[in-house]
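Below is one structure, written out as structure tokens, with a few remarks after it.
The sequence lines fix the lettering, A, B, ..., with proteins before strands; numbering per chain opens at 1.
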Amino acid sequence: MQELKALSEERAPKWLIGLTAIAFMAVAGAQVFGFITSPAAEQYQHSQKIMYVHVPAAWNAFLAFIVVFWASLVYLWKRSEGADLLAESAAEVGAVFTGLTLLLGSIWGKWAWGVWWTWDPRLTSTAVLFIIFVGYLALRSFTEDPERRATWSAGVGIFGALNVPIVYMSVRWWRTLHQVQSSPETMSAEYVTALRVNGIAFLLLLVAVLGWRYRAARIQRRAEALHEEAILEGRQVHV
Amino acid sequence: MSFRSETNRVAAVAWKDLTTERRSKANFNAVLFLAALMLLMFGFALGPDAASLRLAAAGIVWLTIMFSGNLAFHRSYQVELEGGALETLLLYPGARSSIFLGKLIANLVFVLLVLMALIPIAIVLYDIPVGPSIPLLFLVIFLGTFGFVTLGTFYASMASRSRAREVLLPLLLFPMLIPVLLASVEATGALLQGDPMGEAGRWIRLLVSFDVIFLGASILAFGAVIEE
Amino acid sequence: MFETDVNVWNYVIGAYAVSWLTVIGYTLRLWVLNRRASRFAAELGGDV
């Protein structure tokens with residue numbers, strides 16, 4: 001089959017390869033920049049450096065889930081396959097970055113608070129976000145029919161995203177009622193630039209991994225569709 | 001479709017589900033027994049100190065009802081899926097959301113009945129002092145159950161038709177229920193102590209918002225999710 | 001609550017190591033996924 005052969009030999013787009021290389025260099029460069037420019041913070045000493053990976057990872061996670069929410073809405077609206085593939089890709093990428101955020105938060109918390117885990121509102125809401133989207137990915141892997149999978153996961157994606165602010169608010173109230181320490185909010189200006197640079201580098205990384213994940217999903221889906229078409233037209237036997 | 005005929009459809013679906021349940025009763029008895037058993041097991045796990053059990057009581061009862069209610073939601077679709085009746089139901093004219101609302105009402109009645117039998121058992125087992133704010137307690141129980149049943153009915157419509165349904169429903173449902181769990185447990189706990197900090201009102205408002213948001217979202221999304 | 005200055009670097013290095021391991025690990029998974037998808041298309045196309 002001509003189309004399938006062409007599909008299997010399709011090369012990755014140049015911009016994606018270039019972007020990936022740039023993203024990796026940018027992340028490494030931004031981290032070096034962060035280490036050089038920022039002095040040890042008074043209270044948090046050098047543990048403050050963890051912020052340069054922790055916070056950008058959290059931003060990426062959050063952005064990825066906004067993409068899931070948006071792509072899910074578009075899918076239910078337009079029923080376009082691309083939106084479904086984008087939602088699938090962003091959910092997986094988002095789950096990875098959420099997991100990383102949790103790990104880093106835990107490492108920092110162990111140093112600063114002496115415990116690996118605390119029921120801090122942001123930490124807890126992030127964990128809930130993580131579980132919601134693990135459920136989303138589980139639903140996807142347990143449903144075979146592509147259209148059904150797309151519709152269902154769009155529903156679950158939208159519901160999950162709607163729930164995030166409610167979870168955050170409820171955990172915050174729950175915490176203030178029980179009165180325990182909260183995470184530090186203020187940051188002096190000398191760290192802001194380094195954080196921004198790291199944030200931008202991570203954003204490039206996000207776009208790059210999203211692009212690769214989307215490409216794999218698209219080829220897979222396209223191959224399935226072409227194969228099915230060939231079977232229906234009697235040009236090919238079912239394997 | 002007029003509003004009146006839609007209400008009739010909702011009532012018909014709810015009545016049908018409840019009649020099936022009433023005729024067999026097997027499911028109701030099983031869920032109630034499981035819930036009572038869980039109350040007992042929690043007692044063994046956290047007791048026998050009466051004071052600490054009493055403190056944990058609100059949380060235990062809400063967790064118990066969420067876990068055992070989980071079983072009820074499958075049944076809501078299971079009978080129809082086995083008989084192929086869901087497709088027929090979908091073929092009838094009118095809004096799909098009426099089917100959802102009918103099933104929601106049936107499940108709500110089911111879970112509330114389980115709770116009505118369960119709460120006296122919990123009061124006796126954990127020696128819970130029932131304070132003066134009984135009407136508000138009923139309101140919290142209703143609002144918490146409503147939020148839980150709304151999402152349960154919605155997610156079960158998908159989970160019961162997928163592979164691995166027994167695992168998938170709680171996996172999808174429980175993380176979504178964390179605000180309901182927090183709000184219900186905190187409000188119940190506060191009201192049982194006479195609400196000394198005046199915090200129950202805020203949790204009740206959170207429950208109302210949660211219920212309204214997800215009832216609306218479920219009604220909007222159910223039509224898309226249920227169709228083949 | 002706050003541990004010694006020497007100790008802090010262990011946590012910082014640990015955090016950066018975890019980050020890079022995650023990023024590289026996920027990149028490897030993406031590479032595998034892309035290859036698998038291409039091979040899948042080739043296999044389906046092979047049995048004409």
Side-chain angles (χ1 to χ4, degrees), chain A residues 69 72-79 84 95 98 119 121 124-179, chain B residues 59 147 150-151 154-155 157-187 189-190 196-203 205-218 220-228:
Chain A
F69 181 61
S72 301
L73 280 178
V74 171
Y75 180 80
L76 287 186
W77 189 258
K78 298 258 169 78
R79 302 272 161 186
D84 177 47
T98 316
W119 297 91
T124 315
S125 318
T126 312
V128 175
L129 186 68
F130 184 66
I131 310 168
I132 287 179
F133 283 96
V134 168
Y136 173 96
L137 292 170
L139 175 74
R140 291 197 74 101
S141 67
F142 284 135
T143 325
E144 270 104 30
D145 181 65
E147 258 169 62
R148 198 181 245 193
R149 181 174 58 212
T151 318
W152 288 3
S153 56
V156 172
I158 293 168
F159 273 53
L162 281 181
N163 206 14
V164 169
I166 308 179
V167 170
Y168 180 71
M169 212 160 58
S170 61
V171 178
R172 220 179 60 182
W173 285 354
W174 179 60
R175 288 293 291 181
T176 42
L177 289 173
H178 293 254
Q179 282 170 2
Chain B
T150 305
L151 280 184
F154 181 76
Y155 279 97
S157 74
M158 298 180 269
S160 355
R161 287 184 290 157
S162 76
R163 289 190 290 129
R165 51 173 172 267
E166 287 84 6
V167 192
L168 197 55
L169 182 61
L171 202 61
L172 292 175
L173 186 56
F174 287 154
M176 293 293 291
L177 289 179
I178 287 168
V180 180
L181 182 66
L182 281 180
S184 307
V185 170
E186 292 293 321
M197 316 277 281
E199 63 197 60
R202 170 199 264 194
W203 291 117
R205 280 197 296 279
L206 183 94
L207 280 176
V208 172
S209 330
F210 187 95
D211 291 0
V212 169
I213 290 172
F214 284 106
L215 179 65
S218 303
L220 286 176
F222 187 76
V225 156
I226 199 76
E227 72 193 348
E228 294 305 299

Are Trp174(A) and Trp203(B) packed together at the side-chain level, in the sense that at least one heavy-atom pair is separated by less than 4.5 angstrom? yes

Can you tell me how far the CD1 atom of Ile131(A) sits from the CG atom of Leu172(B), to the nearest 0.5 Å? 12.0 Å

Counterpart residues, salt bridge (Lys or Arg N to Asp or Glu O under 4.0 Å), relative to Arg149(A) (two or more places apart): none

Nearest heavy-atom approach of Val156(A) to Met158(B) is CG2-CE, 3.7 Å

Sort Phe154(B) into side chain, backbone, both or neither according to what part of it lies under 4.5 angstrom from a heavy atom of chain A. side chain

Can you tell me how far the CG atom of Leu182(B) sits from the OG atom of Ser170(A), to the nearest 0.5 Å? 5.0 Å

Closest approach of Leu76(A) and Ala224(B), non-hydrogen atoms and distance? CD2-CB, 4.3 Å

Closest contact, heavy atoms only, Pro175(B) versus Val128(A): O-CG1, 3.8 Å

Under 4.5 Å to a heavy atom of chain B? For Ser141(A) that would be backbone

When rounded to the nearest 0.5 angstrom, what distance separates CD1 in Ile226(B) from OG1 in Thr151(A)? 11.5 Å

Sorted by chain and residue number, the ring-ring contact (aromatic ring centres under 6.0 Å, His included) partners of Tyr136(A) (sequence neighbours excluded) come out as Phe133(A)

Check whether Leu220(B) gets within reach of chain A through its side chain, its backbone, both or neither, counting any heavy atom under 4.5 Å. neither

So which part of Ser218(B) gets closer than 4.5 Å to some heavy atom of chain A, the side chain, the backbone, both or neither? both

Minimum heavy-atom distance between Ala221(B) and Phe159(A), given as atom pair plus value: CB-CE1, 4.1 Å

Nearest heavy-atom neighbours spanning Ile166(A) and Pro179(B): CG2-CB, 3.8 Å

Under 4.5 Å from a heavy atom of chain A, the part of Phe174(B) involved: neither

Please tell me if the side chains of Arg161(B) and Trp152(A) come closer than 4.5 Å, counting only heavy atoms from C-beta onward. yes

Measuring only between side-chain heavy atoms, which start at C-beta, is Phe142(A) closer than 4.5 Å to Val167(B)? no

Thr143(A) and Ser162(B) have their tightest heavy-atom pair at OG1-CB, 4.4 Å

